[in-house]
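Because the structure is predicted, anything quoted here is derived from the model rather than measured. Positions are given from 1 along the sequence.
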Amino acid sequence: MVECYYWILAVYFEPHYSHAQVITTKVAAMTSILDDIYDLCSTLEESQLLTQAIQRWDAKAVHQLLQYMKGYFLKLIHAFEEFKNLLAHNEKYRVFYLKEAMKGLSRSYLEENKWVVKQYVSKLEEHLQISLISSANPMLVCASFVRMGEVATKEAFEWVASFPKIIKASALIAHIANDFVSHEVTYY
């Protein structure tokens with residue numbers, strides 16, 4: 001959590017963005033846990049159940065999850081409701097974009113999980129299509145806009161959701177940096 005917060009301080013250093021810091025830190029931490037669930041804890045079938053629940057985005061879907069996933073899923077739903085409550089009435093639409101980004105992230109994690117289980121080696125274009133989303137960078141960019149006040153307009157959220165070149169490029173950099181770190185940890 002501390003590491004997530006320090007990373008977010010690099011994004012928002014101004015004190016008036018303290019609520020944005022809190023939201024984005026929580027999203028980063030929840031994303032880290034989600035990544036670990038897909039990579040380390042769940043089988044393919046369990047990953048599919050979690051992905052289906054996230055796609056439904058309904059607390060009633062918790063009954064289909066294994067015990068260790070239930071707490072995470074309910075906290076995810078609760079956190080997003082908390083974010084919505086922090087926003088002015090005319091800003092609540094922003095959480096919709098963040099939910100959609102989180103749904104896309106879970107789908108990309110599931111696809112990578114399938115590749116691992118099936119020992120599938122994807123072509124570069126196919127790999128990039130999934131891994132740029134699974135880098136979590138596009139979702140975190142969206143999260144960083146949620147509490148930015150008038151700076152982040154609906155057009156800004158539409159722009160982020162369109163996955164423009166600059167977000168693709170930053171996601172690629174994040175993905176490559178993560179691969180370097182993973183390689184060092186795995187082999188040395």
Side-chain angles (χ1 to χ4, degrees), residues 3-4 6-8 10-12 20 23-42 44 46-48 50-57 72-73 76 79-80 83 93-148 151-187:
E3 181 182 354
C4 291
Y6 277 119
W7 182 81
I8 299 309
V11 177
Y12 312 102
I23 288 174
T24 311
T25 299
K26 284 183 180 182
V27 171
M30 304 276 311
T31 300
S32 179
I33 295 167
L34 184 65
D35 183 47
D36 287 347
I37 290 172
Y38 279 94
D39 286 350
L40 305 173
C41 301
S42 64
L44 179 57
E46 293 167 357
S47 294
Q48 289 170 328
L50 181 58
T51 304
Q52 289 168 3
I54 291 173
Q55 299 312 302
R56 284 182 54 194
W57 205 271
Y72 172 81
F73 180 68
L76 181 68
F80 277 63
F83 302 158
Y93 69 89
R94 297 170 179 196
V95 176
F96 166 80
Y97 288 96
L98 186 54
K99 281 182 195 176
E100 292 305 307
M102 185 62 82
K103 289 177 182 181
L105 182 64
S106 73
R107 288 190 302 268
S108 69
Y109 285 163
L110 175 62
E111 191 62 31
E112 288 181 338
N113 198 321
K114 287 178 184 177
W115 291 350
V116 168
V117 169
K118 296 176 181 178
Q119 296 180 343
Y120 175 71
V121 178
S122 61
K123 294 185 168 116
L124 178 62
E125 191 61 40
E126 183 182 21
H127 176 73
L128 287 176
Q129 184 178 2
I130 299 299
S131 66
L132 294 183
I133 302 296
S134 72
S135 72
N137 196 29
M139 193 270 310
L140 291 170
V141 169
C142 183
S144 72
F145 281 17
V146 169
R147 191 60 192 208
M148 295 237 2
V151 172
T153 63
K154 187 164 182 143
E155 291 77 25
F157 283 92
E158 290 289 332
W159 175 78
V160 169
S162 74
F163 202 36
K165 286 183 181 181
I166 193 164
I167 294 179
K168 285 180 184 175
S170 64
L172 182 60
I173 291 167
H175 179 65
I176 291 170
N178 185 50
D179 283 352
F180 279 124
V181 170
S182 297
H183 173 75
E184 289 174 4
V185 170
T186 304
Y187 297 106

_Would you say that Leu105 contacts Thr31 through its side chain, given a criterion of any heavy-atom pair below 4.5 Å between the two side chains?_
yes

*Validation row: Met102, Leu98 side chains within 4.5 angstrom (heavy atoms)*: no

*Any side-chain donor paired with an acceptor under 3.5 Å for Glu155 and Trp159?*
no

*Give me the one residue out of Glu112, Arg107, Glu111 that meets side-chain hydrogen bond (donor to acceptor under 3.5 Å, both in side chains) with Ser134.*
Glu112

Once rounded to the nearest 0.5 Å, what's the spacing between atom [atom1] of [X] and atom [atom2] of [Y]?
| X | Y | atom1 | atom2 | value |
| --- | --- | --- | --- | --- |
| Leu50 | Ser42 | CG | OG | 7.0 Å |
| Lys26 | Ile8 | NZ | CD1 | 13.0 Å |
| Ile37 | Met30 | CD1 | CE | 8.5 Å |
| Lys118 | Leu44 | NZ | CG | 7.0 Å |
| Glu126 | Gln129 | CD | CD | 7.5 Å |
| Phe145 | Thr24 | CZ | OG1 | 10.5 Å |

For the student: nearest non-hydrogen atoms of [X] and [Y], plus distance:
| X | Y | value |
| --- | --- | --- |
| Phe163 | Pro138 | CE1-CG, 3.3 Å |
| Ser47 | Leu110 | CB-CD1, 3.8 Å |
| Ala171 | Leu132 | CB-O, 3.5 Å |
| Val141 | Val160 | CG1-CG2, 4.0 Å |
| Ser106 | Ile54 | OG-CG2, 3.6 Å |
| Asn137 | Ile167 | ND2-O, 4.0 Å |

*Passes side-chain contact (heavy atoms from CB on, under 4.5 Å), Thr51 versus Asn113? Steps please.*
CA-CA 11 Å; Thr51 304; Asn113 198 321; over 6 Å; no

*Is a side-chain donor or acceptor of Tyr93 paired with a backbone partner of Lys154 at a separation under 3.5 angstrom?*
yes

_Flag, side chain of Tyr109 to backbone of Asp39, donor-acceptor distance under 3.5 Å_ = no

*Would you please test Arg94 and Phe157 for side-chain contact (heavy atoms from CB on, under 4.5 Å) and show each step?*
CA-CA 7 Å; Arg94 297 170 179 196; Phe157 283 92; 3.4 Å; yes

*Step by step, would you call Leu40 with Asp35 a side-chain contact (heavy atoms from CB on, under 4.5 Å)?*
CA-CA 8 Å; Leu40 305 173; Asp35 183 47; over 6 Å; no

*Any idea how Phe80 and Trp57 line up, ring-wise: parallel (<30°), tilted (30 to 60°), or perpendicular (>60°)?*
perpendicular

